[in-house]
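Order of the sequence lines sets the chain letters (A, B, ...), proteins ahead of strands, with each chain counted from 1.
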Amino acid sequence: MKYQTIDEANRVVIDKIVGGAPFLVDVVPAHTVIPELEGKTLLHAGPPIAYKDMTGPMQGSCVGAALFEGWAKDEMEARSMLERGDIHFIPCHHVKAVGPMGGITSGNMPVFVVNNRSEGNEAYCIMNEGIGKVLRFGAYSEEVITRLTWMKDVLGPTLSRALKATKEGLNLNVMIAKAITMGDEFHQRNIAASLVFLKEISPYIVNLDMDKQEMQSVIKFLADTDQFFLNIMMAASKAVMDGARTVKAGTVVTAMCRNGQDFGIRISGMGDEWFTAPVNTPQGLFFTGFSQADANPDIGDSAITETFGVGGMAMIAAPGVTRFVGAGGFQDALATSNEMVEISIDQNPNFTVPTWNFRGICLGIDARKVVETGITPVINTGIAHKEPGVGQIGAGTVRPPVECFEKALEAYASKLGLL
Amino acid sequence: MLHTIIKKNSYQDSVNLMLLTNYISALEGVVQASIMMGTPANKDIMRNSGLYTDELEMAGANDMCIVIDTEAHTGLDDILVAVDSFLSDQSVSSSQSSTESVRSWERALKENPNANLAIISVPGQYAAAEADKALDYGLHAFIFSDNVPVAEELSLKQKAHDKGLLVMGPDCGTGIISGVPLAFANRVKAGNIGIVGASGTGIQEVTTLIDRMGGGISHAIGTGGRDLSETVGAITMLDGIRGLAHNDQTEVIVVVSKPPAKAVREKVVSQLQGLPKPVVTLFLGEKPSIHEGNVYEAYTLEEAAMIAIDLAKGAAVQPLYSLPIDVPKTALNPGQISIQGLYAGGTLAAEAAMLIADALQLKDGLIHEAGYVLRSNGHAIVDLGDDMYTQGKPHPMIDPATRIQHIEKAAQDPATAVILFDVVLGYGGHDDVAGVLAPAIEKAAAKAKTEGRNLYFVAALCGTHQDPQSYAEQMRKLEQAGVLVKESNNQAVRTVLAMMQLVLEDVPKAHRPATTFAPQAFSTSAAIEALLAGKPSVINVGLRKFTESITASGASAIQYDWRPVAGGSMKMQQILDQLKDYQFTS
């Protein structure tokens with residue numbers, strides 16, 4: 001054994017996080033890398049949940065996915081299929097994947113393939129569709145389906161060919177390190193990383209033998225989609241955290257996700273087991289005409305970014321979004337990141353934050369510290385309308401319920417024979 | 001009515017615009033507003049919320065689109081001014097608080113490795129454990145918390161003494177170390193008078209009087225009210241006295257306390273007689289008739305301050321310190337016979353009770369029940385800071401509400417002649433006590449007048465001109481409300497006694513050499529010497545405002561936002577302990 005105490009076990013886990021080497025290597029149809037997506041199967045965000053228990057936006061995403069896959073000709077048919085139980089569900093996290101907001105992923109959607117070279121494992125995530133009426137926020141109009149089809153037919157294959165033209169894929173650590181110094185925290189703000197991605201990939205795209213107009217549409221989409229890197233970051237975080245949790249000991253939080261009903265976490269010592277508690281509703285700022293009363297409870301796998309140490313954990317890195325912490329400004333962002341240090345084991349020297357006097361991002365949320373201090377991680381998140389079909393209505397922050405962490409520790413103590 | 005304003009080439013971040021939208025939507029006359037950059041996606045959102053106008057067609061992604069739905073008669077001008085001022089002044093809306101805070105001892109010590117003092121204001125049941133940790137980390141402890149069992153106080157103080165550290169408190173309200181105010185304390189001028197006191201407002205009264213009389217304070221060490229009990233045996237007071245005796249800045253030492261247990265008093269006084277520096281003692285409730293050796297005994301807090309000032313200047317101590325009393329003309333009805341004292345400061349209340357009991361030659365008027373410290377012949381002195389008035393409510397030095405109720409009640413009583421009270425300024429206290437009390441006083445006096453009575457108010461104003469509340473301004477507000485304001489509690493009480501035609505005899509004190517004088521060897525610890533050598537470096541465990549007053553005085557402080565471990569859950573605390581100690585075996 002490489003460790004004698006829980007502190008030492010945690011150190012082995014976080015060393016694997018620091019040592020993680022995620023590379024973006026391909027974009028492929030989900031079913032080609034996730035064999036579980038056979039037949040009428042969908043992936044969803046968060047810990048396991050049945051269709052009937054899903055909140056509006058996730059159900060809306062399911063309808064959209066059924067239309068996209070051609071399983072149903074209209075919304076009514078899609079809904080009755082879903083209600084009858086014709087469609088099988090699996091959490092993204094159970095098949096090496098993560099999905100934003102609703103997290104709904106179907107077999108023909110293109111997914112990023114991120115290879116963690118330090119451990120040899122892979123992780124997947126669908127591509128970002130942009131803002132406004134989009135599937136991940138529960139919208140499923142014709143415009144949404146048309147865009148998804150274009151992403152399947154044009155964007156995905158183009159990026160795949162471009163990535164294959166690179167020698168070894170794109171080294172994501174390098175891109176993350178650059179973008180964090182440019183003011184991204186990789187959950188609410190990805191504009192710098194999205195630009196870095198565009199800068200890296202466009203020379204390969206423009207060299208492809210393809211229809212000029214399609215090429216232009218791809219470049220235009222990448223240029224317009226400020227949050228494009230978020231989904232790459234999610235897959236990268238998932239790849240690194242899955243690599244680290246092979247240790248199967250200690251109390252490092254290895255996943256956080258939400259399905260609109262429950263918040264779920266995993267800790268290194270408890271492997272694949274989920275510890276859940278009722279989810280909170282994000283607080284934030286809303287587009288005109290919408291208010292807190294319209295907000296859907298917290299949803300999506302994107303909190304994998306906080307698990308890795310960015311997003312709300314790295315609030316101070318992104319002065320541009322600090323005011324989502326309420327009415328506060330820079331000092332509140334500083335206080336937030338400083339508070340997150342209290343529940344982290346260390347700080348990651350790979351990703352230093354200029355506005356934090358070049359301190360590294362938070363590394364390794366320790367469930368013990370969360371329970372001891374009562375400080376829960378801060379998660380930066382988009383806010384969906386609770387009714388299906390409306391889409392995004394704002395953005396803000398949310399915290400997990402502390403009960404998840406208490407349950408995880410109790411289970412671990414029990415597993416170690418302490419209770 | 002929909003208004004559209006397009007600001008060409010005026011880019012703002014979407015967060016700013018959402019904040020601005022919230023702000024504008026709340027203005028009077030605005031039904032709904034939307035302010036966004038004119039991107040296609042944003043125009044869709046405008047359309048969805050019913051705020052789309054044809055003018056938006058022309059707006060581009062770099063144009064700010066303001067669409068406002070107003071009530072029919074509302075003009076746009078004020079709203080547009082509000083938009084402009086918001087956009088030009090965004091930095092101001094950001095929080096200005098720069099107080100760094102931590103949530104664990106571990107981080108507090110990492111952030112402030114030079115810390116030498118912990119201020120502890122956590123709930124009483126947790127205070128001893130936190131103070132114990134502070135001592136383990138080599139820090140002196142100032143325990144503001146009350147409700148710490150006396151056995152725990154004794155064990156903490158013994159441990160501290162053995163390690164050469166000071167434990168101030170529990171239930172310690174006031175301290176000043178090298179000019180830095182701790183908890184409830186005043187900003188005082190630096191000087192050569194050091195104080196050790198087992199009383200919070202007693203220390204405040206003496207330090208502020210010294211300040212306003214032109215003297216200055218080196219340190220004021222609070223010991224907590226039980227330090228001079230038989231159980232605790234004055235551990236902190238003795239260590240504090242020895243610390244001040246070694247401290248170069250301190251040339252005169254003042255000891256303030258309620259009368260201690262006899263054996264403890266002897267222990268303290270014999271220590272004092274052995275010191276190379278002159279000492280003023282005030283054992284509140286004793287009426288001394290003599291000064292002995294280098295120990296000068298005062299009767300009132302004011303006298304203690306005046307003797308200390310003479311000693312500090314190297315002047316001779318006078319046999320009697322009595323300031324002339326300016327007795328106001330009073331017109332009382334025959335039935336108006338009573339003095340009602342409504343105090344926020346416990347020691348000030350006790351001093352008032354002592355003086356009134358002395359004037360009335362009471363043998364048994366002094367009591368300690370139901371918040372009363374005196375109740376006799378219709379006169380009453382109430383300590384509104386007593387536990388029975390503060391349970392579930394803030395202390396009257398923070399919130400004047402309870403006192404206002406008592407003023408109303410006392411004013412209604414036709415027997416009341418004078419209402420006597422204190423106003424204590426300084427850090428930790430209310431921002432404007434006088435401003436809150438004045439209307440209640442004016443109302444009560446006016447009501448009595450309509451009922452055919454003159455009702456008098458006399459206040460003792462305790463504070464300095466450097467305090468965050470302006471001393472002069474507080475005095476002005478009280479005087480404007482018709483209150484006779486006196487600069488010491490002694491003056492206030494004597495004025496009231498004179499108004500009631502009661503006489504207080506003063507006894508001139510002779511000075512004689514010490515009979516028991518025997519120079520003793522005494523020493524202080526390096527840690528106490530270091531604490532008193534400069535400004536303290538503080539870890540403030542609990543109430544945030546204590547950190548603010550320390551940093552405002554130029555000393556360094558780390559705010560530790562304390563919470564009970566695992567939210568107080570015993571089960572989770574046990575699991576955490578077990579996981580901490582767990583050893584993998586294979």
Side-chain angles (χ1 to χ4, degrees), chain A residues 1 3-9 130-133 188 224 249 251 269 284-290 320-332 334-335 338-339 341-343 367-369 371-375 390-395 402 405-406 409-410 412-414 416-419, chain B residues 13-19 21-22 25 32-36 39-42 44-46 48-51 61 67 90-104 106-107 111 561 563-569 571-586:
Chain A
M1 267 303 181
Y3 41 80
Q4 270 159 3
T5 64
I6 288 173
D7 281 341
E8 287 173 24
I131 57 163
K133 293 202 168 171
Q188 255 170 8
D224 284 348
T251 52
L285 292 172
F286 293 87
F287 303 146
T288 301
F290 301 106
V321 297
T322 55
R323 291 166 91 190
F324 276 120
V325 200
F330 189 82
Q331 289 299 338
D332 297 279
L334 179 61
N338 284 341
E339 188 186 30
V341 170
E342 303 270 12
I343 54 171
R368 291 178 305 171
K369 291 180 185 240
V371 171
E372 182 179 343
T373 60
I375 300 171
V390 182
Q392 183 172 12
I393 57 168
V402 75
F405 301 87
E406 292 177 348
L409 286 191
E410 199 177 339
Y412 191 40
S414 181
L416 297 177
L418 296 172
L419 295 182
Chain B
D13 177 86
S14 63
V15 178
N16 289 342
L17 294 181
M18 278 195 257
L19 289 165
T21 303
N22 287 353
S25 301
Q32 206 181 11
S34 185
I35 305 174
M36 294 178 128
T39 63
N42 286 344
D44 281 350
I45 290 170
M46 298 260 202
N48 289 342
S49 47
L51 289 176
V67 182
Q90 291 178 62
S91 60
V92 179
S93 60
S94 161
S95 160
Q96 297 297 305
S97 164
S98 58
T99 307
E100 176 88 22
S101 69
V102 301
R103 285 284 291 271
S104 60
E106 201 183 351
R107 262 199 75 210
E111 297 286 333
D561 287 335
R563 305 275 187 288
V565 169
S569 156
K571 182 176 143 196
M572 290 317 301
Q573 284 174 20
Q574 200 188 344
I575 288 173
L576 287 169
D577 285 343
Q578 287 176 315
L579 289 175
K580 193 176 172 191
D581 297 335
Y582 184 78
Q583 296 269 333
F584 291 97
T585 46
S586 53

What's the separation between atom [atom1] in [X] and atom [atom2] in [Y], rounded to the nearest 0.5 Å?
X       : Y       : atom1 : atom2 : answer
K580(B) : E372(A) : NZ    : CD    : 7.5 Å
I575(B) : L409(A) : CD1   : CG    : 7.0 Å
T21(B)  : L285(A) : OG1   : CG    : 9.5 Å
F287(A) : D44(B)  : CZ    : CG    : 12.0 Å
M572(B) : R368(A) : CE    : CZ    : 11.5 Å

Can you tell which of T39(B), V67(B), L576(B) has the highest number of heavy-atom pairs within less than 4.5 Å of chain A?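 Most heavy-atom pairs within the cutoff with chain A belong to L576(B).
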If we define contacts as heavy-atom pairs under 4.5 Å, which of S25(B), A33(B), G567(B) has the most with chain A?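 Top count of heavy-atom pairs under 4.5 Å with chain A: A33(B).
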Ignoring hydrogens, what is the shortest heavy-atom contact between [X] and [Y]? Give both atom names and the distance.
X       : Y       : answer
Q578(B) : L418(A) : NE2-O, 3.3 Å
G289(A) : S49(B)  : CA-CB, 4.4 Å
S104(B) : E342(A) : OG-OE1, 3.0 Å
R107(B) : V341(A) : CD-CG1, 4.0 Å
N48(B)  : K133(A) : ND2-CE, 3.8 Å
T288(A) : I35(B)  : OG1-N, 4.4 Å

Pick one of side chain, backbone, both or neither for E8(A), based on which atoms fall under 4.5 Å of a heavy atom in chain B.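 For E8(A), no heavy atom lies under 4.5 Å from chain B.
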Chain B contact via A335(A) - side chain, backbone, both or neither, heavy atoms under 4.5 Å: neither
State plainly whether the residues E406(A) and K571(B) are in salt-bridge range, i.e. N to O under 4.0 Å.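 No, no charged N to carboxylate O under 4.0 Å.
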Using heavy-atom distances under 4.5 Å, tell me whether [X] contacts chain A through its side chain, its backbone, both, or neither.
X      : result
Q32(B) : side chain
M36(B) : side chain
L51(B) : side chain

With heavy-atom distances below 4.5 Å as the criterion, would you say the side chains of R563(B) and I375(A) are in contact?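 Heavy-atom side-chain distance check fails, nothing below 4.5 Å.
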4.5 Å side-chain heavy-atom contact, L416(A) and F584(B):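 Heavy-atom side-chain distance check passes, below 4.5 Å.
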Is it true that, when you exclude I131(A) itself, more than 12 heavy atoms of the residues, nucleotides or ligands shown sit nearer than 6.0 Å to its CD1? no
Go through M18(B) and F286(A) one step at a time and tell me if the side chain to side chain contact (heavy atoms under 4.5 Å, CB included) criterion holds. CA-CA 7 Å; M18(B) 278 195 257; F286(A) 293 87; 5.8 Å; no
